[in-house]
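Proteins come first, then strands; the chains are lettered A, B, ... in the order of their sequence lines, and each starts at number 1.
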Amino acid sequence: MLIKRANDTEDSMKKSFYFMSWASKYSFVAIFLILVALSTILSPVFLTSGNIFNIFLETSILGVVSIGATCVILIAGIDLSVGGVIALSGMVAAVISSSNHGGPILGILAAVATGLIVGIVNGVATVYGKVPSFIVTLATGTVAGGLALLVTNGQPVYNLPSSFLALGGGNIGPISVLTIIWLTISVITIIVLRWTPVGRHIYALGDNSYAAFLSGIRVDLYTISTFAFCGLLSGLAGVLYASWVNVGYPNAGSSYTLQSIAAVVIGGTSLFGGRGGVGGTILGALMLTVFTNIFNLVGLPAVWQMVGYGSLILIAALLNHWLQQYRR
Amino acid sequence: MDNSHPLIEIIGISKRYGDVLVLKNINIDIYGGEVHCILGANGAGKSTLVKIMSGAVSPSEGSVLLDGVSLTLKSPRQAKRAGIVAMYQELDLFPNMTVWENISIDHLSSKMGVIQRRKIRENAEENLRTEIGVEIAIDTVVGKLTVSQQQLVYLAKTLNSSARTIILDEPSASLGEIEREVLHTVIKKLKKRGLAIILISHKLDEVLKISDKITILRDGGVHGQHATADTEMEQLISEMVGVQSNTSSKLRPTTIKISEVQKQSRSCAVELDHVSTDKLTDVCIKAMSGQITGVTGLAGSGHEQIPLVISGIMKPISGSINTKSGVSPKSLRHAVKNGIVYLHAERKIGGIFPTMSIDDNLMVGNFPNKFGVILYKMRNLKVGRLVNEMKIQGYHPGKRASQLSGGNQQKVLLGRCINRTFKILACAEPTRGVDIGGRKEIQMFLRQLVAESPEIAVLVSSDDVEELCEYADKIYSFVDKKVSGEFIVADSDKFEIQRAVLRTC
């Protein structure tokens with residue numbers, strides 16, 4: 001009898017341990033589900049299809065940026081130039097699209113190339129200049145933000161061509177084009193990270209860069225490419241943003257820098273590199289939007305929104321850290 | 001100074017790690033005003049003894065007395081307070097602070113809570129000039145000094161404290177000729193002041209020159225104690241190694257018998273032809289395919305450099321590296337591409353990806369893929385095969401590498417090496433930090449590797465001569481950055497090789 005009870009507790013302990021070790025890997029799923037459940041209780045409108053599509057739409061641009069941020073953080077770097085790049089590439093896209101010599105396609109290409117160039121500069125300065133990416137990207141982001149203002153002397157660009165606006169305003173069925181772009185890039189990145197040697201080597205690089213070097217992995221090339229990829233996506237996000245709001249704003253996008261990092265961290269990716277992934281980042285970005293959304297639906301003042309927003313990030317990070325002890 | 005009582009008494013110290021008795025009932029008396037050297041081959045228990053005296057490790061039995069009072073040393077900090085200071089190879093200096101700040105960090109005199117910079121700086125300068133007798137720019141940041149200079153700064157810092165006993169662990173291993181002289185002068189000064197100096201050194205000529213007493217450890221026990229004046233190098237070597245030397249070798253202590261290298265039918269896989277780097281001088285060695293070639297020596301003797309040179313990490317200043325295929329490695333990547341794989345000595349620093357799965361750890365660098373997409377079925381097959389071949393215990397799919405024991409991690413790293421197409425395996429300390437069972441398995445594995453694929457050459461660098469003798473075919477010994485001997489293991493005895501390693505020319 002006694003023995004049986006002992007076995008029982010051992011079994012249940014084992015079970016709870018397995019649950020905890022699962023939770024330690026996917027704590028962001030748990031937080032996401034809790035957040036969704038709470039929101040559903042708080043507002044009957046929350047779980048309607050209209051609101052859900054809206055949440056996805058509003059997450060899209062943050063989502064695109066966060067994919068790049070995830071990759072950079074996976075190799076134990078950080079990209080603070082995201083906001084500046086969004087502003088600059090948005091302006092480039094807007095100006096070229098609406099000029100007589102340019103056009104939307106040229107504008108989009110130029111904008112994405114702008115992001116790519118900043119990304120390459122970030123990577124090269126980090127690798128060959130041996131300056132921490134924190135500083136490099138802080139500097140390049142500031143430069144990009146300044147250039148964005150310089151393009152039109154701080155004036156917004158209105159009257160964008162309608163073909164350019166189709167990108168941000170269009171829908172395919174009930175789903176917006178922006179969401180489709182975001183999720184497509186996410187899926188491709190997930191596949192690359194998970195199913196290709198390149199992806200696994202990015203994890204290896206983040207986990208132990210010296211061991212990666214000794215294994216014959218081209219550490220420098222991978223690092224530069226990752227920053228370039230992040231820059232490219234920031235450039236794309238700038239285009240999408242301008243197209244979505246119908247205006248080229250020289251001050252656009254500054255909030256995306258820290259939001260993208262928050263989304264990555266809430267999504268379970270370690271700032272020390274080598275652990276996490278884009279799947280978590282999708283949920284992380286969604287969580288940030290859900291949070292804003294439910295505050296709006298319930299009608300709480302914006303001040304409390306900020307307090308709650310910050311708390312969410314802290315709680316997610318603490319929970320994630322605490323759960324690491326259960327990792328198998 | 002009262003020298004009739006020992007300053008430090010080590011009484012009946014034993015240390016047990018699991019089932020292994022590392023130190024057996026050690027008794028040593030150390031007097032003030034003497035340099036007491038502790039000698040021993042690798043694994044004799046020297047480093048454990050030092051760690052016990054400096055408070056980093058607590059003994060299983062026995063005690064350390066200072067001035068007849070028993071000390072309970074729970075941490076290096078406590079030992080320091082009691083007056084026992086240890087100087088390890090890694091120095092605890094603050095690299096971003098200046099020389100004078102480092103020297104006086106433990107007692108910054110202050111006036112009303114504000115430190116008196118000028119006075120402290122002057123004291124430090126005075127200290128460095130008169131006590132150590134060297135000119136080091138006192139306002140330089142310590143991180144910019146050479147390792148030798150840093151050691152002298154550390155000595156000055158130690159002298160500036162109230163230490164009564166100083167433990168020097170291999171102090172001259174990284175010192176240049178001039179700094180070594182300075183060190184010896186400082187040691188003499190300290191002696192005069194009545195401090196007890198405990199010296200751990202492999203360099204027998206240095207030991208004979210500056211020590212007063214010598215204790216020899218062997219297999220965890222005290223094997224002999226001598227006054228330095230009454231001993232000779234040959235006697236020390238014999239006691240460390242274990243067999244009485246014959247008189248003929250005593251007559252010519254610096255010449256080393258080089259065994260006749262037999263004509264091998266096997267071909268040379270890689271050859272270093274008069275290679276020099278800043279840590280190697282004119283080295284010529286050959287590694288045959290189908291054989292395990294060992295390189296050994298004391299720490300800093302240069303053998304550690306050989307795998308680095310062969311795998312393209314260190315480039316020779318002069319001389320050339322010739323491989324069978326005709327390429328000489330230009331960089332690590334170039335070497336890897338041409339079938340030279342490298343295993344780093346420190347698996348935590350240069351080997352394991354701790355948070356990645358064992359599976360990925362094995363595959364890194366060579367994932368089975370088609371058009372850039374990993375073939376997971378094939379990967380799992382390969383992983384399964386490697387786990388079996390390497391006898392990796394505790395594997396299950398997706399488990400993180402950091403959860404394996406040291407020995408099994410090492411097997412994972414070797415598995416990663418053989419997962420690639422290679423002709424030359426250059427490994428540094430493949431059995432370091434591995435338990436005895438794991439060691440045997442790794443040795444067996446390397447033997448099997450060359451037996452089954454005679455086109456493969458294995459090169460191992462290790463400072464454990466005895467172990468190397470068990471599985472290498474040929475061994476090169478290194479002394480002072482040069483090759484001091486070449487031995488076909490089957491034709492030579494272990495002691496001969498150990499002598500070649502210990503003898504300082």
Side-chain angles (χ1 to χ4, degrees), chain A residues 17-18 21-22 24-26 73-76 127 130 187-223 225 268-277 280 320-321 323-328, chain B residues 307-308 311-313 329 331-357 359-376 379 396-403 409 412-413 416-417 419-420 422 426 428:
Chain A
F17 182 81
Y18 278 124
S21 74
W22 178 86
S24 70
K25 215 169 170 186
Y26 298 107
I73 289 174
L74 274 179
I75 62 164
V127 169
K130 310 267 181 239
V187 169
I188 293 171
T189 313
I190 289 172
I191 290 172
V192 169
L193 285 178
R194 183 148 183 75
W195 294 89
T196 69
V198 174
R200 302 321 291 169
H201 288 168
I202 284 176
Y203 280 88
L205 171 55
D207 208 14
N208 186 344
S209 68
Y210 187 53
F213 164 73
L214 290 179
S215 308
I217 294 172
R218 273 180 283 193
V219 172
D220 295 352
L221 181 73
Y222 274 85
T223 308
S225 308
T269 298
S270 162
L271 278 176
F272 300 111
R275 203 166 68 219
N320 199 354
H321 181 78
L323 282 167
Q324 290 313 309
Q325 60 182 307
Y326 295 101
R327 277 199 62 152
R328 285 189 295 135
Chain B
L308 300 178
S311 57
I313 300 168
S331 67
L332 180 93
R333 256 189 78 74
H334 185 241
V336 168
K337 272 192 178 162
N338 287 291
I340 303 171
V341 287
Y342 168 70
L343 179 71
H344 195 62
E346 308 271 341
R347 66 173 158 269
K348 268 199 185 129
I349 296 169
I352 279 291
F353 301 108
T355 56
M356 290 179 85
S357 64
D359 318 55
D360 280 349
N361 263 281
L362 283 165
M363 290 295 124
V364 163
N366 192 17
F367 280 92
N369 67 87
K370 204 169 193 181
F371 310 123
V373 177
I374 296 173
L375 304 168
Y376 268 89
R379 184 201 79 156
H396 67 78
K399 184 171 175 174
R400 279 184 298 157
S402 59
Q403 286 170 302
Q409 286 185 8
V412 168
L413 296 183
R416 187 193 297 163
C417 289
N419 182 42
R420 320 186 76 134
F422 72 104

Given the options A/Ile217, A/Thr196, A/Val198, A/Val192, which has more heavy-atom pairs under 4.5 Å with chain B than any of the others?
A/Thr196

Suppose we screen for side chain to side chain donor-acceptor pair (under 3.5 Å). Which residues come up paired with A/Arg200, at least two apart in sequence or across chains?
B/Asp360

If you look at every heavy atom in B/Gly372 and A/Pro197, which pair is closest and at what distance?
O-CD, 3.4 Å

In terms of heavy-atom proximity below 4.5 Å to chain A, should B/Ile349 be classed as side chain, backbone, both, or neither?
both

If you take all heavy atoms of A/Asp207 and B/Pro354, which pair is closest and at what distance?
OD2-N, 3.1 Å

Rounded to the nearest 0.5 Å, the CG atom of B/Leu332 sits from the CG atom of A/Leu214 at a distance of 6.0 Å

Just checking A/Tyr210: does its OH atom have more than 12 heavy atoms from other residues, nucleotides or ligands closer to it than 6.0 angstrom?
yes

What residue, out of B/His334, B/Arg379, B/Met356, has the most heavy-atom pairs lying under 4.5 Å from chain A?
B/Met356

Shorter than 4.5 Å, heavy atoms on both sides: which option in A/Ala211, A/Gly206, A/Gly199 has the most such pairs with chain B?
A/Ala211

Using modelled atom types only, decide if a donor and an acceptor are shared between the side chain of A/Asn208 and the backbone of B/Phe353 within a distance under 3.5 Å.
no

Who are the ring pair (Phe, Tyr, Trp, His ring centres under 6.0 Å) partners of B/Phe367, not counting sequence neighbours?
A/His201

Residues from residues 338-348 of chain B approaching chain A under 4.5 Å (heavy atoms)
B/Tyr342, B/His344, B/Lys348

Gap between atom CG of B/Asn369 and atom CH2 of A/Trp195 - 0.5 Å precision:
13.0 Å

Under 4.5 Å heavy-atom distance to chain A, tell me which part of B/Arg420 shows up: side chain, backbone, both or neither.
side chain

Which residues satisfy the side chain to side chain donor-acceptor pair (under 3.5 Å) test with A/Ser215, sequence neighbours excluded?
B/Arg416

Do you know which of B/Val373, B/Leu413, B/Asn361 has the most heavy-atom pairs under 4.5 Å to chain A?
B/Val373

